[in-house]
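One-based numbering along the sequence shown. Keep in mind it's a predicted model, so treat the numbers as computed, not measured.
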Amino acid sequence: MLRGATAVGALAACGEHPLAAERRAEALCIDSHVHVWAQDRRFPFAEGAQVPPGDSSVERLIQLMRAHGVDRTVLIQVIHYKWDNRYLLDVVRRYPKLFRGVCR
């Protein structure tokens with residue numbers, strides 16, 4: 001939850017504002033809608049899924065979060081898995097301090 005949710009406070013929490021260090025003690029930067037998926041046999045894509053090329057793994061997301069000062073992320077189940085939430089659940093279980101999930 002973002003405390004002190006003013007525009008300046010939100011930017012400061014993400015490290016984009018000169019007051020970032022001052023605001024950091026009381027506010028978190030939370031990305032509220034991100035999709036992740038992996039090329040992993042344990043988590044097959046749904047039949048007919050049109051998965052874009054590129055790296056959208058949770059490991060890549062963690063790198064991006066650190067680079068941009070994001071403290072927590074809400075993961076939204078990606079359509080590539082349809083109703084199979086196993087990858088999302090696996091990620092949330094492995095990184096409980098970083099992620100929460102919204103399943104289909």
Side-chain angles (χ1 to χ4, degrees):
M1 178 183 296
L2 218 112
R3 294 179 298 264
T6 64
V8 171
L11 288 173
C14 292
E16 300 295 329
H17 191 276
L19 300 175
E22 181 181 321
R23 299 291 303 188
R24 193 75 167 141
E26 64 182 78
L28 293 175
C29 181
I30 300 173
D31 190 333
S32 63
H33 190 125
V34 175
H35 301 286
V36 291
W37 59 88
Q39 302 287 338
D40 187 324
R41 288 182 176 192
R42 296 176 301 152
F43 309 106
F45 299 120
E47 187 175 325
Q50 297 179 5
V51 182
D55 181 7
S56 293
S57 68
V58 69
E59 291 77 18
R60 177 70 179 130
L61 175 57
I62 291 170
Q63 291 173 349
L64 290 169
M65 288 170 64
R66 288 181 180 150
H68 297 282
V70 175
D71 299 297
R72 307 281 188 277
T73 297
V74 178
L75 300 174
I76 309 299
Q77 172 72 356
V78 69
I79 193 68
H80 313 323
Y81 294 113
K82 298 277 184 190
W83 303 105
D84 183 350
N85 297 294
R86 289 179 293 164
Y87 182 66
L88 184 104
L89 293 172
D90 179 69
V91 169
V92 171
R93 285 181 184 136
R94 284 190 290 147
Y95 302 102
K97 293 182 180 181
L98 294 179
F99 303 111
R100 293 296 184 261
V102 176
C103 297
R104 299 184 75 165

With Tyr81 via ring-ring contact (aromatic ring centres under 6.0 Å, His included) - residues at least two apart: Phe45, Tyr87

Would you say Asp71's side chain and Ile30's backbone share a donor-acceptor pair under 3.5 angstrom? no

Are Tyr95 and Leu89 linked, directly or through other ILVMFWY residues, by side chains that come within less than 4.5 angstrom of each other? no

Side chain to side chain donor-acceptor pair (under 3.5 Å) with Arg100: which residues, sequence neighbours excluded? none

According to side chain to side chain donor-acceptor pair (under 3.5 Å), who are the partners of Arg94, at least two apart in sequence or on a separate chain? Glu59, Asp90

Counterpart residues, salt bridge (charged side-chain N to carboxylate O under 4.0 Å, His left out), relative to Asp31 (two or more places apart): none

Looking only at non-hydrogen atoms, find the nearest pair between Val92 and Gly101 and report the distance. CG2-N, 4.0 Å

Can you list the residues that meet the salt bridge (charged side-chain N to carboxylate O under 4.0 Å, His left out) rule with Arg72, with sequence neighbours excluded? none

If you look at every heavy atom in Cys29 and Gly69, which pair is closest and at what distance? CB-O, 3.4 Å

Can you confirm whether Ser57 sits close enough to Gln63 that some side-chain heavy atom of one is under 4.5 Å from a side-chain heavy atom of the other? no

Who are the side chain to side chain donor-acceptor pair (under 3.5 Å) partners of Arg104, not counting sequence neighbours? none

For Gln39, give me all partners under side chain to side chain donor-acceptor pair (under 3.5 Å), at least two apart in sequence or on another chain. none

Minimal heavy-atom distance between Asp84 and Gln77, with the atoms involved, is O-NE2, 2.8 Å

Considering residues at least two apart in sequence or located in another chain, which fulfil the side chain to side chain contact (heavy atoms under 4.5 Å, CB included) criterion with Leu75? Val34, Val36, Leu61, Thr73, Leu88, Val91, Phe99

Contacts of Pro52 that satisfy side chain to side chain contact (heavy atoms under 4.5 Å, CB included) - sequence neighbours left out: Trp37, His80

